[in-house]
Amino acid sequence: MDTINPLMIDKAIITIRGICYQDMYYSCRIAIKENWFNPSSMSEKTSGITVVIEPEKNKVIAVISHTGIMHEVWKLQEPLASENLDYFEQINLLKTSIKEKKRKRQF
């Protein structure tokens, strides 16, 4: 009979590149929605986060947000550091543009 290994809980840090756990980067919908990776929105509240680890593969499968809700994560590809920064800068510009368009529609 197969045995099921229990999941492990650990801590990861939030950086502008993503949720970092053992030199691998992850993201999730709530992180993008709440803008966790934007340096100006980082705070003590979001600088570290609880992660759920699958021990056999040593990979993160979920994060537990500051509200206590578990969110599925996905592993980010590893672009070059300069490409990665450009990528997040472009995401932030796109988010700003979308917010401005929404704000204009409200008036």
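Among residues two or more places apart in sequence or in another chain, the side-chain hydrogen bond (donor to acceptor under 3.5 Å, both in side chains) test is passed with Y26 by none. With sequence neighbours excluded, no residue satisfies side-chain hydrogen bond (donor to acceptor under 3.5 Å, both in side chains) with S97.
Atom-to-atom distance recorded for W74:CH2 and C28:SG is 6.0 Å, nearest 0.5 angstrom. The CD1 atom of I13 sits 6.5 Å away from atom OH of Y25, with the distance rounded to the nearest 0.5 Å. The structure places CD1 of I14 at 5.0 Å from CH2 of W36, a figure rounded to the nearest 0.5 Å. Taken to the nearest 0.5 Å, the CE atom of M24 stands 14.5 Å off from the CD1 atom of I19.
Heavy atoms only, all atoms of each residue included: A12 and C20 are closest at CB-O, 3.2 Å. The shortest non-hydrogen separation linking P6 to P55 is O-CG, 3.1 Å.
Here the options are I64, V52, I49, I30, the test is side chain to side chain contact (heavy atoms under 4.5 Å, CB included), and the partner is H71; only I30 passes. The only member of K75, E54, Q22 that meets side chain to side chain contact (heavy atoms under 4.5 Å, CB included) when paired with K59 is E54.
The shortest distance between side-chain heavy atoms of L7 and I61 falls below 4.5 Å. A 4.5 Å side-chain heavy-atom check between T15 and F37 finds every atom pair outside the cut-off.
Although no hydrogens or angles enter the test, the distance criterion places a donor-acceptor pair under 3.5 Å between the side chain of K95 and the main chain of I32.
The 12-atom threshold is not exceeded at CE of M70, counting heavy atoms of other residues, nucleotides or ligands nearer than 6.0 Å.
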